[in-house]
Amino acid sequence: MDTAVVPPLRAKDYKSDIHPVWCPGCGHFAVLATLTKAAAQLGLRKEDLAVVSGIGCSSRLPAYLDSYGFHGVHGRALAAGAGLKAARPDLTVVVAGGDGDGFSIGGNHFLHACRRNMDMTYIVMDNEVYGMTKGQASPTTQSDWTRSKLTPHGTGVRPFQPAAIALAAGATFIARGFSGDPKALTKLLVEAIEHPGFAFVQVLSPCQTFQPEQKTWKEQVHPWPQGPTDDPVEATRLIQLDDGMAQGLLYRRPHPVWRPEFTQRATLGEIEAGFYL
Ligand code: SF4
Ligand code: MG
């Protein structure tokens, strides 16, 4: 019998040897670092962690981790993550991506992931812009943002409200973090991963290149006026008063986790045969 003691993993052990291609100063560096710290604090084995993403700057994240990862198609990260969790409930599934990927292309998946309450964590690195395609307005862009040539007079559309939508759709853990406060963000990610159910963490993660104004976010963030609530009415009240810069855990409520029951397992060949005409 092998009695060798395996030393606990350090945060840096979860990083792959691929160097991120993000711009210097991008907020996503801190999100990557905090996720590795959270994994180390939770004592996760690398082979038990799977990080699933869509498309965008932030969705490159799985490549920078030495865990299981899947870099999927635009807006479908939650669908892929849900499928993985259904097939392998033993894995810790973390889905990660950006505001465009998650709230526009993947908006429908976001709604249904919230109401389904599968046991996984969804991190949205929100910089209010499509960064990878060079700076177009996203669902969370402020309506008077004129930097993009595509919207020289602003979008004229009210920004998407992620926390409000998540609450209305039935999410059981709703939090907002800030990449400039890695200590608090690590704590939030630990709590999110530990939460039995769908945990949604919106992370304010500045885009230095296309939203340089976001440098001021570090002066603007502040805690929610009160600690987390399990009352959806109280959470609604706090969201209505929110200026978008409150950080911390807003809402956590116990609710049965949805887990599909498989009555039979089929091989890929058997599944394919079912589609033959
Ligand atoms: Fe980060 Fe913006 Fe650069 Fe993308 S374009 S890597 S979001 S700073
Ligand atoms: Mg974005």
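Ligands are counted one by one from 1 in listed order, and the atoms in each one are counted from 1 as well.
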Side chain, backbone, both or neither: which part of N127 comes within less than 4.0 Å of ligand 1 when only heavy atoms are counted? side chain
One finds that the ligand 1 atoms under 4.0 Å from a non-hydrogen atom of Q208 are 8 (S)
Have a look at ligand 1 and work out which part of Q211, if any, has a heavy atom under 4.0 Å from it: side chain, backbone, both or neither. neither
Is the ring pair F110/F160 parallel, tilted or perpendicular, if the boundaries are 30 and 60 degrees? tilted
If the cut-off is 4.0 Å to any non-hydrogen atom of F210, which atoms of ligand 1 fall inside it? 5 (S)
Quick check on atom 3 (Fe) of ligand 1: does C23 put an N/O/S atom closer than 2.8 Å to it? yes
Please state which protein non-hydrogen atom is closest to atom 1 (Fe) of ligand 1 and give its distance, to 0.1 Å? C26 SG, 2.4 Å
Shortest non-hydrogen separation from H255 to T172 and the atoms involved: CB-CG2, 3.5 Å
Tell me whether R176 is salt-bridged to D242, with the criterion being a basic N under 4.0 Å from an acidic carboxylate O. yes
For the pair W22 and Y64, evaluate ring pair (Phe, Tyr, Trp, His ring centres under 6.0 Å) and give the outcome as yes or no after the intermediate values. CA-CA 11 Å; W22 294 320; Y64 307 141; 5.0 Å; yes
Looking at ligand 1, is there an atom of it that comes within less than 4.0 Å of some heavy atom belonging to M132? no
Verify the neighbour count for atom CG of L268: are there more than 12 heavy atoms of other residues, nucleotides or ligands below 6.0 Å? no
The single option from Y251, F173, F200 passing ring-ring contact (aromatic ring centres under 6.0 Å, His included) against H195: F173
If you draw a 6.0 Å radius around NZ in K46, do more than 12 non-hydrogen atoms from other residues or ligands fall strictly inside? yes
Is it the case that over 12 heavy atoms from other parts of the model lie below 6.0 angstrom from the CZ atom of F29? yes
For T209, take its heavy atoms, then give the atoms of ligand 1 lying under 4.0 Å from any of them. 3 (Fe), 8 (S)
Within C207, is some N, O or S atom less than 2.8 Å away from atom 2 (Fe) of ligand 1? yes
Counting non-hydrogen protein atoms only, what is the nearest one to atom 4 (Fe) of ligand 1? Give residue, atom name and distance. C57 SG, 2.4 Å
Numbering the atoms of ligand 1 from 1, which are under 4.0 Å from a heavy atom of H28? 7 (S)
